[in-house]
Amino acid sequence: MAATATLLDFGADGLDLPDDGPFLGITQSHRGYRWAERLTTDTAGTAQAISQRHNLPELLGRVLAARDVALDTVDTVLNPSIKALMPDPSSVRDMDIAAARLADALLSKETFAVFGDYDVDGACASALMARFSAHHGVTPRIYIPDRLYEGYGPNPDAIDLLADEGATLIVTVDCGTTSFTPLERAKERGLDVVICDHHQADETLPHAVAVVNPNRLDDLSGLGHLCAGGVVFLLLVATTRELRRRGAYANGTPEPDLLSLLDLVALSTVCDVVPLHGLNRAYVTKGLEVMKRRANAGLCALFDAAGLSQEPTTYHLGFVLGPRINAGGRIGDSGLGADLLATTDETRAAKIAETLDRLNRERRALETEMLEAAMAMGEARVAADPDCPILVLSSDTWHKGIVGLVASRLTDRFRRPSCVIARDGKGEGTGSLRSIAGVDIGSAVRQAVADGLLAKGGGHAMAAGLTVRDDDAGALETALVAALKSETTSARAAMSLDIDGALIPSAATHEFFALLERAGPYGQGNPQPRFVFPNHRVKFAKVVGDGHVRCALEGPDGSRIDAIAFRAANQPMGEALLTTAGRSLHIAGTLKRDTWGGREKIEVFVDDTADPVAR
């Protein structure tokens with residue numbers, strides 16, 4: 001069957017135009033969503049033009065147009081390359097100053113330190129800097145603060161430690177933009193600081209030789225969508241250019257193979273959930289190709305520890321590698337991730353990977369326990385106030401390394417921003433916040449800092465972190481509710497689940513999947529195509545693992561496909577899958593290729609379910 005003929009409900013003369021109404025008439029799914037066709041009447045013409053001008057199947061034209069791909073950018077989107085999409089690094093404010101200072105350090109074999117964050121982006125960015133420096137004969141000290149005791153970003157004690165160890169330069173990666181007091185300490189100790197970051201910045205910047213951050217207010221590069229790993233890669237390009245200009249490679253020293261580092265850039269880009277537009281698409285596409293060659297000892301060891309032998313995809317980066325690297329910072333040694341990614345010692349890499357895999361299992365157990373309590377608290381809060389714009393929950397029994405994960409689950413379950421705070425029993429709490437599209441949680445946190453309600457705080461529109469005194473917790477919740485009420489109300493009213501079309505199991509072939517892959521890699525800003533299996537019967541549904549529901553879907557023609565709904569067992573969607581015997585459901589989800597046990601098959605990751613409505 002041709003790939004363009006596998007979508008249901010389309011006419012023989014081509015794919016019908018969308019009517020912009022709810023898809024299959026679903027206005028309230030089991031997860032509370034309105035289903036909407038991603039391709040609209042406004043973009044349908046573009047879809048047809050893309051197919052005709054570029055000689056592409058109609059389905060691919062629809063997928064591209066629905067993701068706002070312009071007619072003249074199709075070739076670049078389908079074939080993203082570093083050469084075509086790499087900007088001049090000098091377009092980023094302070095880039096040339098930073099490159100010159102780093103070149104000075106490398107040429108003079110200066111003692112310097114890399115100060116990173118404890119998440120995947122920070123670990124990758126730190127490892128990038130370490131590997132690049134090692135190529136030039138310099139081994140920088142990597143310092144990752146302890147998530148539980150030091151918190152995010154530089155702190156005065158750490159600055160003193162690095163100065164006492166002999167560092168004369170500190171390069172901060174994935175942090176530093178709002179570290180005013182610590183960087184004043186660095187100035188007092190006579191240390192130069194180069195900041196390489198991507199977090200939102202205020203009008204005033206801390207003291208530093210250079211602040212390389214495409215999200216600073218006076219930066220005009222248009223590269224604010226890059227993660228820290230992506231920004232660091234630009235700095236390495238600029239530094240290589242500066243070293244070349246100074247003749248550093250004229251004596252036979254080879255230039256660094258920067259493209260070989262793209263596996264780390266891809267990992268940081270996917271795990272930091274930045275939009276897969278422009279340069280980020282090239283980073284991930286080319287980075288996955290590098291990762292297939294298994295040249296990074298740490299990444300190879302981590303894949304082996306996780307029991308994965310297939311070619312890596314963005315799913316593996318985000319849901320297999322990422323959680324394990326993060327596990328060190330959440331409940332173990334914050335520096336393990338950066339050490340793993342920076343090392344070239346295979347024996348050491350294997351040992352660290354095994355430790356991270358064990359810590360990830362322990363983290364999952366802690367998360368399950370915390371999530372159960374938080375869900376019960378959330379249910380009670382929403383029952384008391386169905387329109388509450390943000391869930392602010394806290395406990396003195398929660399682990400502060402897990403609060404971000406729990407906040408994500410709450411936001412997904414209750415479709416509103418969440419703030420989860422672990423109180424330390426000493427008058428202070430550490431919190432993590434997650435938001436929904438259209439609600440800027442980072443701005444609200446920065447305002448709370450300005451108003452004196454937080455000891456520390458910052459972040460993005462979709463995710464933020466904070467430290468709050470117990471005495472200020474009530475005032476903080478009042479402030480967040482007031483700040484987010486209007487945005488949350490509007491955002492929740494507009495929330496919908498985007499659908500790319502309808503399928504039956506017999507249509508979900510490897511040929512069809514290969515066609516969809518041409519528009520990848522998928523992630524934030526380039527969502528995985530989602531399809532509805534309409535009026536399908538659910539077969540053999542059962543709970544597996546940590547509350548997942550595994551089942552088989554049977555289409556009207558009798559064809560079947562395996563499916564799984566993650567963490568759905570105690571939710572309305574999971575209950576629908578488990579109790580649908582004798583009746584049909586609409587099931588919405590994405591397709592994934594599974595190669596478990598050496599056998600390759602296509603299966604469905606279920607996103608939502610709905611009862612069919614009379615039409």
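The residues of the chain are indexed from 1 along the displayed sequence. Treat the numbers as computed from the prediction; the structure is a model and nothing was measured.
Taking the charged nitrogens against the carboxylate oxygens, R469 and D472 do have a contact shorter than 4.0 Å, which makes a salt bridge. Between E289 and K292 no salt bridge is recorded (no basic side-chain N to carboxylate O distance below 4.0 Å). Using a cutoff of 4.0 Å between basic side-chain nitrogens and carboxylate oxygens, D257 and R131 are not scored as salt-bridged. Using a cut-off of 4.0 Å between Lys/Arg side-chain N and Asp/Glu carboxylate O, R241 and D96 are scored as salt-bridged. Ion pairing between K351 and D339 fails under the 4.0 Å rule for side-chain N and carboxylate O. In summary, R567 and D546 do not engage in a salt bridge, as defined by a charged side-chain N under 4.0 Å from a carboxylate O. Between D94 and R216 there is a salt bridge, with a side-chain nitrogen of the basic residue lying less than 4.0 Å from a carboxylate oxygen of the acidic one.
When the side chain to side chain donor-acceptor pair (under 3.5 Å) test is applied to Q447, the partners found at least two apart in sequence or on another chain are D451. Here R245 pairs with E242 under the side chain to side chain contact (heavy atoms under 4.5 Å, CB included) rule; sequence neighbours left out. Under the side chain to side chain contact (heavy atoms under 4.5 Å, CB included) criterion, D471 pairs with no residue at all, not counting sequence neighbours. R361 is linked by a side chain to side chain contact (heavy atoms under 4.5 Å, CB included) to D357, R358, counting only residues two or more places apart in sequence or in another chain. When the side chain to side chain donor-acceptor pair (under 3.5 Å) test is applied to D192, the partners found at least two apart in sequence or on another chain are R101. Among residues two or more places apart in sequence or in another chain, the ring-ring contact (aromatic ring centres under 6.0 Å, His included) test is passed with F132 by H136. Looking at residues two or more places apart in sequence or on another chain, you find a salt bridge (Lys or Arg N to Asp or Glu O under 4.0 Å) between E255 and R244. Qualifying side chain to side chain contact (heavy atoms under 4.5 Å, CB included) partners for P206, counting only residues two or more places apart in sequence or in other chains: F180, L183, I195.
Within the 3.5 Å criterion, the main-chain N or O of P254 finds a donor-acceptor partner in the side chain of H135.
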Taking it one step at a time, do S221 and D219 satisfy side-chain hydrogen bond (donor to acceptor under 3.5 Å, both in side chains)? CA-CA 6 Å; S221 66; D219 186 277; 2.5 Å; yes
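Residue pairs meeting the ring pair (Phe, Tyr, Trp, His ring centres under 6.0 Å) criterion with at least one member in residues 81-130, sequence neighbours excluded, are F115-Y143. For residues 262-298, the ring pair (Phe, Tyr, Trp, His ring centres under 6.0 Å) pairs, not counting sequence neighbours, are F233-Y283. Residue pairs satisfying the ring pair (Phe, Tyr, Trp, His ring centres under 6.0 Å) criterion with at least one member in residues 186-209, sequence neighbours excluded, are listed as follows: Y152-H199, H198-H460, H199-H460.
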Counting only pairs under 3.5 Å, give me each side-chain donor-acceptor contact of residues 417-426, with atom names and distances, residues two or more places apart or in other chains.
from, atom 1, to, atom 2, distance (Å)
S418, OG, T411, N, 3.4
S418, OG, T411, OG1, 3.2
R423, NH1, S394, OG, 2.6
D424, OD1, K426, N, 2.7
D424, OD1, G427, N, 3.4
D424, OD1, E428, N, 3.1

